[in-house]
Every structure is written in C-alpha cells, then in structure tokens.
2 protein chains.
Amino acid sequence: METLTPAKSLVQMTYEAILDEICTGSLTPGTRLSQDHLAAQLNVSRQPVNSAITMLKAQNFVEDTGRRGVVVAAVDRKLFDAIYQFRAAIDPLAVELSIKRMAEKDIAEAREIIARGKACVEAAQSQAVLQADIDFHSLIYQLSGNAIIIDTMHLNWRHLQRSMRKVLQHPGMTAQVWSEHEQIFDAMVAGKTAQATALMRAHVRDAPNRISNPKG
Amino acid sequence: METLTPAKSLVQMTYEAILDEICTGSLTPGTRLSQDHLAAQLNVSRQPVNSAITMLKAQNFVEDTGRRGVVVAAVDRKLFDAIYQFRAAIDPLAVELSIKRMAEKDIAEAREIIARGKACVEAAQSQAVLQADIDFHSLIYQLSGNAIIIDTMHLNWRHLQRSMRKVLQHPGMTAQVWSEHEQIFDAMVAGKTAQATALMRAHVRDAPNRISNPKG
DNA sequence: ATACCAAATTTCGTATACAGAATGCTGTTT
DNA sequence: AAACAGCATTCTGTATACGAAATTTGGTAT
C-alpha cells in the first residue's frame with residue numbers, strides 16, 4: 001500500500017500561505033512581515049514562519065530592509081521584463097516539446113481552459129482571466145515533460161501574477177490574447193511545430209508592449 | 001557610511017556548505033543527511049540545518065525517503081537532459097543579450113577564462129576544466145543583465161556540476177569544447193549576433209551527445 | 001535457528017527560550 | 001523648544017527542549 005503523505009509540513013503550508021497573500025495582493029509591497037504576527041495569524045510557531053521567510057527571500061518575493069525583518073518586495077518592472085525575455089525563449093521550447101506528447105485528454109483540458117478564458121474575458125472578470133492565462137501556459141509547461149521548465153516557470157509565474165494583477169484592470173486588453181492562445185493551440189494539435197513555436201514567440205514578445213500601451 | 005553585512009546568516013552558510021559537499025561529491029548520492037550530525041560537523045544548532053535542508057529539498061538536491069530524513073538525490077540522467085534542453089533555449093538568448101552589453105574588462109575576463117580552460121585541458125585537470133566551463137557560461141549569463149537567467153542558471157549549473165563530475169574523467173573530451181567557446185566568443189566580440197547564437201545553440205545541443213559517446 | 005513482538009533509542013518536526021540588535025520613548029540639558 | 005543620551009521594548013536569529021514517529025535491539029516463542 002502506498003504511504004501517501006498525510007499533510008504537508010507546516011513550513012510548506014506557511015510558505016504557500018504567505019506566498020499566496022503576496023501574489024494575490026493581500027500583502028502589498030512594502031508591508032513588513034512580522035514573524036510573531038504571521039505565526040499567530042497562521043496558528044503556528046515562529047519556527048516554520050522563519051523557514052518560510054528564508055525561502056521567500058531566496059526567491060525574491062520579500063527583501064531585506066537591512067534593518068530588522070523583511071518586507072514584501074516591490075513589484076518590479078525590470079523583473080517583469082526579464083521574465084518575458086526569458087519566456088520568449090522558453091515558451092516556444094515548451095510548445096515544441098509538447099507537440100509530440102499531447103494526449104486526447106490534454107487536448108480536452110486545453111480546450112476547456114481556452115473556453116473558460118474567453119468566457120471570463122466576456123464577463124470582464126480580470127482575476128479569473130489571469131488564472132486561465134496561468135493555467136493555459138502551465139499546461140504547456142506540464143506537457144513539455146521537462147521538469148526544469150515546469151519548476152522554473154511555476155516560480156516565474158508567481159512573480160508575473162503580482163505584476164499582472166495591477167495591469168489587468170484594463171478590461172478588453174485580453175481579448176486578443178485568447179485568440180492567440182487558440183491559434184497557438186490549433187497549430188500544436190495540427191502538429192505544425194514551426195508555426196506553433198513562431199506564434200508562441202510572437203505572443204510572448206508582444207505581451208509586454210500590450211501592457212505598456214494598453215489601447216483597450 | 002555603508003553598513004556592509006558583517007557575515008551571512010548561519011542558514012545561508014549551512015546551505016552553501018551542504019550544497020558544496022553534494023556538488024563536489026564529498027556527499028555521495030543516497031547518503032543520509034542527519035541533522036544532528038551535520039549540525040555538529042558545522043558547529044551550528046539543528047535549526048539552521050533544518051532550514052537549509054528544506055531549501056535543498058525544494059531545489060531537488062536531496063530527496064525525501066518517505067521514512068525519516070532525507071538523502072542526497074541520485075544523479076539523474078533525465079535531469080541532465082532536461083537542463084540541456086533548457087540551455088539550448090536560454091544560452092543563445094544570453095549570448096544575444098550580452099553582445100550589446102560587453103565592456104572591455106568583460107572581454108578581458110572572458111579571454112582569461114578561455115585561456116585558463118585550454119591550459120587545464122592540456123594539463124588534464126578535469127575539475128579545473130569543469131570550473132572554467134562554469135565560469136565561461138556564467139560570465140555570459142551575468143553579461144546578459146537578466147536577473148532571471150542569472151539566478152536560474154546558477155542553480156541549474158549546480159546540478160550540472162554533479163552530473164559532469166563523473167563524466168569529465170574522460171580526458172581530451174573537452175578539447176573541442178574550448179575551441180567552440182572561443183569561436184562563440186569571437187563572434188560575440190565581432191557583434192555577429194546570428195552567428196554567435198547559432199554557435200552557442202549547436203554547442204549546447206552537441207554536449208549531451210559528446211557525453212553519451214565519448215570518443216576521446 | 002528463525003520469526004515475531006515490544007521496549008529502547010534515534011531522529012525528525014515543531015515549539016519555546018534566550019541573546020543580541022534595532023527602534024522608540026523619556027528625561028534632561030542647552 | 002529642540003536635541004541628545006540612555007533605558008525600555010520589540011523583534012529577529014539561533015539554540016535548546018519536547019513530543020511523535022520510526023527504526024533498531026533484545027528477548028521469547030515456535
């Protein structure tokens with residue numbers, strides 16, 4: 001019989017809880033993270049909180065003030081741009097690797113995500129649109145079968161989640177995004193590797209511009 | 001006056017100490033990491049050791065046994081291949097970004113690394129060759145100016161360090177590598193972006209084959 | 001001799017305790 | 001009134017303590 005882990009460690013739970021609050025905006029940039037306060041809030045001792053903060057620091061979600069303790073890191077345009085440069089290389093690779101590995105059920109899942117994304121655009125539910133965006137690209141990372149891509153991009157999207165929350169207030173901006181998603185995925189299903197990767201590369205390359213110059 | 005940090009935290013020092021031992025092979029795959037033992041060895045309490053191990057676990061340098069404690073992760077050919085797939089996308093990007101950003105002193109540093117690499121190949125000092133290899137590629141990541149590339153590839157090379165230690169026992173295998181490094185860098189200095197990135201892509205693409213079929 | 005069960009020991013995860021550093025508060029001096 | 005010195009307070013990093021889980025050991029029964 002398989003000995004499935006009963007519950008995650010407190011460090012892991014604490015880490016995820018804090019990271020969620022940072023990425024969803026409950027904890028805004030500059031907010032000081034008091035270990036005592038967080039420990040009380042999450043009903044754990046300071047020990048798991050301290051470990052969790054150590055990890056968040058290593059991943060640049062919080063920053064040392066030099067003084068005492070850490071604060072939630074600022075949302076940084078430079079970091080956003082760096083991740084998009086990075087994605088311009090990695091996302092097309094993930095597309096290429098995925099094409100050979102897609103199964104029927106993966107295709108169905110992607111179609112569901114695309115439908116959901118479009119529906120949320122219609123309904124102007126910006127947070128749900130962002131989640132669908134994350135889901136779409138994460139699915140492709142998963143399908144790539146490359147553990148490095150999966151792990152690395154998971155973290156990067158956590159940062160993007162922070163950056164994009166602000167920006168996605170502009171409704172309508174994402175309509176074209178979902179048309180592009182669909183085109184990319186159609187090309188993948190059709191096995192057109194060169195076309196799919198080119199579309200993905202363009203998709204990622206254009207995204208930062210759309211955010212700089214949102215024209216509705 | 002600048003308040004330079006007097007010393008790194010014990011967690012950080014402990015993390016680096018353990019990671020070094022894993023990557024240099026002092027701690028071999030499968031070795032159990034006892035917190036008590038490590039704490040005694042490093043003259044710290046179990047608390048920093050515990051935090052450090054949590055981080056190493058998240059980065060796949062150690063793995064849970066399901067039982068008690070963690071062991072040094074196996075050197076995994078799948079992981080090696082995944083990183084090289086990844087590098088095939090990222091290293092050319094780093095080259096492209098670096099070309100516009102190289103200063104005289106960077107060029108001198110690269111030349112020094114290349115000279116050192118070649119000398120170590122001649123002297124058949126495989127560990128020093130590996131270090132020069134790491135230095136060469138890390139310099140390009142640095143020059144890219146992209147923080148995500150720098151951080152991500154730093155971790156990935158730690159994994160590669162483990163994989164390549166074994167393999168680099170084959171002397172002579174690396175002679176061509178350093179010729180390629182030089183060609184890549186010459187193209188970079190000459191500002192030939194397309195050529196430099198193409199050479200880097202080929203360089204990374206061929207490396208895993210050279211390791212699978214070493215022919216001296 | 002081998003297999004099995006229970007006590008003892010190891011060791012991990014988490015909580016709590018402690019020490020040092022940084023901030024703030026208060027009283028005094030100019 | 002403003003500024004500074006020094007004490008009190010707060011808070012982090014690290015050490016130690018505690019409880020639970022798991023492995024090992026020793027003994028017994030077959």
Side-chain angles (χ1 to χ4, degrees), chain A residues 1-22 27-74, chain B residues 1-22 27-74:
Chain A
M1 168 170 173
E2 198 59 30
T3 68
L4 80 166
T5 311
K8 294 177 189 178
S9 72
L10 288 192
V11 175
Q12 198 60 24
M13 287 171 50
T14 304
Y15 166 83
E16 285 170 14
I18 300 175
L19 181 54
D20 262 343
E21 294 212 77
I22 292 175
L27 286 170
T28 57
T31 305
R32 268 201 54 176
L33 292 190
S34 154
Q35 298 188 356
D36 278 324
H37 186 248
L38 286 170
Q41 184 182 324
L42 299 171
N43 267 314
V44 296
S45 76
R46 265 187 52 227
Q47 151 77 12
V49 174
N50 189 305
S51 290
I53 286 180
T54 299
M55 298 188 64
L56 292 168
K57 204 187 308 180
Q59 298 169 348
N60 292 115
F61 290 105
V62 303
E63 47 194 18
D64 252 309
T65 57
R67 301 190 184 91
R68 196 160 40 176
V70 298
V71 299
V72 177
Chain B
M1 167 171 170
E2 198 58 30
T3 69
L4 78 165
T5 310
K8 295 178 188 176
S9 72
L10 288 192
V11 175
Q12 197 61 22
M13 288 171 48
T14 304
Y15 166 84
E16 284 170 14
I18 299 175
L19 180 55
D20 262 342
E21 294 213 78
I22 292 175
L27 285 170
T28 56
T31 305
R32 270 199 53 174
L33 293 189
S34 154
Q35 299 188 356
D36 279 325
H37 186 247
L38 286 170
Q41 183 182 323
L42 299 171
N43 268 316
V44 296
S45 74
R46 266 186 50 227
Q47 152 78 12
V49 174
N50 190 306
S51 290
I53 286 181
T54 299
M55 299 188 63
L56 291 168
K57 205 188 307 183
Q59 297 168 349
N60 292 115
F61 290 106
V62 303
E63 48 195 16
D64 252 310
T65 56
R67 303 192 183 89
R68 193 160 42 176
V70 298
V71 299
V72 177

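Between A:I22 and A:F61, the shortest heavy-atom distance links the atoms CD1-O, 4.1 Å. Contact between B:S51 and A:S51 at its shortest, heavy atoms only, is OG-OG, 2.9 Å.
As rounded to whole Å, 12 Å separates atom P of C:dT16 from atom CG of A:N43. Note: NE2 (B:H37) to C1' (C:dT11) measures 14 Å, nearest angstrom. Rounded to an integer number of Å, the gap from CG of B:N50 to P of D:dG13 is 16 Å. Atom CG in B:L10 sits roughly 17 Å away from atom P in D:dT12 (whole-Å rounding). The CG-C1' distance, from B:L42 to D:dA15, rounds to 15 Å in whole Å. Atom NZ in A:K8 sits roughly 23 Å away from atom P in C:dC12 (whole-Å rounding). In this structure, B:Y15 atom OH and D:dT14 atom C1' are separated by 20 Å, rounded to whole Å.
Positionally, the nearest nucleotide of DNA chain C for B:Q35 lies more toward the 5' end than for the other of A:R32 and B:Q35.
Counting non-hydrogen atoms under 4.0 angstrom, A:Q47 reaches a base of the nucleic acid. Backbone-only engagement by B:L33 is indicated by non-hydrogen atom pairs under 4.0 Å involving sugar-phosphate atoms exclusively.
The side chain of B:D36 lies closest to C:dT11, out of C:dT11, C:dA15, D:dA15. Nearest to the side chain of A:R46, among C:dC12, C:dC18, D:dA15, sits C:dC18.
Counting only heavy atoms from C-beta outward, the side chains of B:L33 and B:V72 approach each other to under 4.5 Å.
At least one donor-acceptor pair under 3.5 Å links the side chain of B:T31 to the backbone N or O of B:T28.
A donor-acceptor contact under 3.5 angstrom links the side-chain atoms of A:R68 to the base of D:dT10.
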